[in-house]
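Structure record follows, encoded as structure tokens.
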Amino acid sequence: MNFPVETVRQKFPALSLTDKGRRRIYLDNPAGTQVPQAVADAVSRCLLTTNANLGGYFETTVAAQAVVDEAHAAMADFLGAASTEEIIIGANMTTLTYHMSRTLGRTMQPGDEIILTRMDHEGNVSPWLQLAEDLGLVVRWLPFDEKSWQVEEATLAPLLTDRTRLVALNYASNLTGSINRVKALTAISRNAGAIVYVDAVQFAPHGLIDVQDIGCDFLICSAYKFFGPHMGILWGRRDVIDGLKPYKCRCSSNDLPERFELGTPQIELMAGLTAAVDYFADLGAAAGEGGSRRRKIAKAFDVSTAYENPLAQRLVDGLSDIGGLTIHGITDPKQLGDRVPTVSFTVDGIVPETIVRQMNAENIFLWSGHNYAWEIVHQLGIPAEQGVVRIGIAHYNTSAEIDETLESVHRVIAMLRQQRS
């Protein structure tokens, strides 16, 4: 089927906004997507009609509990979890990872080893580095291959020892866009007896996640990267999380997942979370899938990925025409399935921020900097204080927007070069 991009765009009010009559082009999506009207409506409706804390017997508290339960069920469908008890919802990916790192730290001893990659977002690095510092753990670094742009199994295997307790991986890079073979990397790690913690924040907007098929122990993502509200979701394998002792209030629930969800939940945002998952299900239904919510979500990713990938290649091809411009990531059309549509580049002699400022002034929204891909820029020798220009596509973007963005990139670089000369 042809992807119904215009119908999709009509669901997102922000896409029709203008500034002094000028259209907006949202290509800042790796940092956060826009939301459908249904998500905003769900948040508002919850605040106006079911605004109460949990645990009581009156109408609004009972309704609020239903909102919380529905959000866990929606994310179980989104991630392919075996149970809603495996879904932990919290403030954001980084906060949840810090919390889980301290909980897992209770199972570790000085001299135990953890493996971190040079490809991860800092939210899946600093919590473990600081845990290692606190407990006297040994940190082993796993670089990515600068030809494949992926973490290779052959590089991981020699790092694993009988003292490896945890391997932290990312599913897709927020700078290079590369997708790792997390299932294979997980199998190697778990065969060595290590717990595997996967950051899927950048993959979640672009592909179906199946935690049971991957075989990892933990997987985390952020709702605001897949058209939802600002919150994080952590899946934990039941037999793993059931044996952990979290940091929590003495009198709070010991049930799952509540023992890991600290304080009063963001109930209204959970309403928005369910609406975001249902947005995918509705997209799958419109594409002809009549089965379960999980099957509709899978169909939604089938059609949206088929639409996004040519846009990404259009962007890569257009950037590749510019002399002195280096794309840091996969550019081969045959490997398009090994990346998400996030494209980062640098230009010889031009600071990325100067390009981005000019394009932002044209109401083309994108980012410069290291984007918390701290280890990537250091491995590549990119000055961290400058970073890259990052353009990130979502399935509500259009080919016309990509063409207009490419025209702007070409023109801005030519102007900056002329000024420099």
Side-chain angles (χ1 to χ4, degrees), residues 1-16 23-39 78 171-174 176-179 200-210 221 224-228 276-291 293-320 327 329-344 364-366 390-406:
M1 63 168 283
N2 291 324
F3 187 76
V5 65
E6 292 305 324
T7 301
V8 164
R9 288 177 65 85
Q10 290 171 12
K11 297 179 184 293
F12 291 80
L15 303 185
S16 63
R23 56 86 191 100
R24 295 178 175 182
I25 296 179
Y26 294 90
L27 292 169
D28 58 330
N29 299 299
T33 52
Q34 302 306 304
V35 302
Q37 182 68 53
V39 170
F78 191 77
Y171 208 140
S173 168
N174 74 318
T176 68
S178 304
I179 299 172
V201 170
Q202 291 298 319
F203 184 79
H206 304 292
L208 184 69
I209 295 170
D210 188 335
C221 57
Y224 69 100
K225 303 296 176 75
F226 57 83
F227 317 115
V277 173
D278 284 339
Y279 161 75
F280 280 96
D282 290 344
L283 182 59
E289 176 56 59
R293 177 162 59 182
R294 173 71 177 171
R295 290 181 60 179
K296 291 174 182 175
I297 293 167
K299 183 65 173 180
F301 279 116
D302 284 345
V303 297
S304 63
T305 300
Y307 173 75
E308 289 176 347
N309 281 352
L311 290 184
Q313 194 61 50
R314 191 185 194 105
L315 176 61
V316 167
D317 290 344
L319 293 173
S320 299
I327 296 173
I330 294 168
T331 59
D332 185 348
K334 296 177 182 178
Q335 292 182 271
L336 202 56
D338 293 332
R339 62 142 54 244
V340 296
T342 296
V343 181
S344 296
I364 300 173
F365 301 164
L366 53 142
R390 184 178 71 177
I391 301 175
I393 296 169
H395 68 236
Y396 49 55
N397 291 122
T398 66
S399 58
E401 289 180 325
I402 301 306
D403 290 344
E404 190 169 348
T405 298
L406 285 168

| query | Does the pair Thr342 and Ile393 meet the rule for a side-chain contact (heavy atoms from CB on, under 4.5 Å), with working shown? | reply | CA-CA 6 Å; Thr342 296; Ile393 296 169; over 6 Å; no
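Side-chain N or O atoms of Arg390 include none that pairs as donor or acceptor with a backbone N or O of Ser344 at under 3.5 Å. Between the side chain of Gln202 and the backbone N or O of Pro30, at least one donor-acceptor pair lies under 3.5 Å. Counting only distance, with no hydrogens or angles, the side chain of Thr33 and the backbone of Asn29 share no donor-acceptor pair below 3.5 Å.
Side-chain contact check for Ile330 versus Thr176: every heavy-atom pair is 4.5 Å or farther apart. With contacts defined as side-chain heavy-atom distances shorter than 4.5 Å, the pair Leu283/His395 qualifies. Looking at heavy atoms from C-beta onward, Glu308 lies out of side-chain contact with Asn397 at the 4.5 angstrom threshold. Considering only heavy atoms from C-beta on, Asp282 stays 4.5 Å or farther from Lys11 through its side chain. Side-chain contact between Ile327 and Val343 is present, with at least one heavy-atom pair separated by less than 4.5 Å. Counting heavy atoms from C-beta on, the side chains of Ile179 and Phe203 come closer than 4.5 Å.
Note: Arg295 CZ to Leu208 CG = 12.5 Å, rounded to the nearest 0.5 Å. The distance from the CD atom of Glu401 to the CG atom of Leu315 is 12.0 Å, given to the nearest 0.5 Å.
More than 12 heavy atoms of other residues, nucleotides or ligands shown are found within 6.0 angstrom of CZ on Arg294.
Side-chain contact, Gln313 with Asp317: a donor N or O sits under 3.5 Å from an acceptor N or O.
Nearest heavy atoms, Val5 versus Tyr396: CG2-O, 4.1 Å. Listed here is the closest heavy atom pair of Lys225 and Pro205: O-CG, 2.9 Å.
Aromatic rings of Tyr171 and His206 (six-membered ring for Trp) have centroids beyond the 6.0 Å cut-off, not under it.
Relative orientation of the Phe226 and Phe78 rings is parallel, given thresholds of 30° and 60° on the angle between their planes. Between Phe12 and Tyr279, the two ring planes are perpendicular [angle over 60°; tilted spans 30° to 60°].
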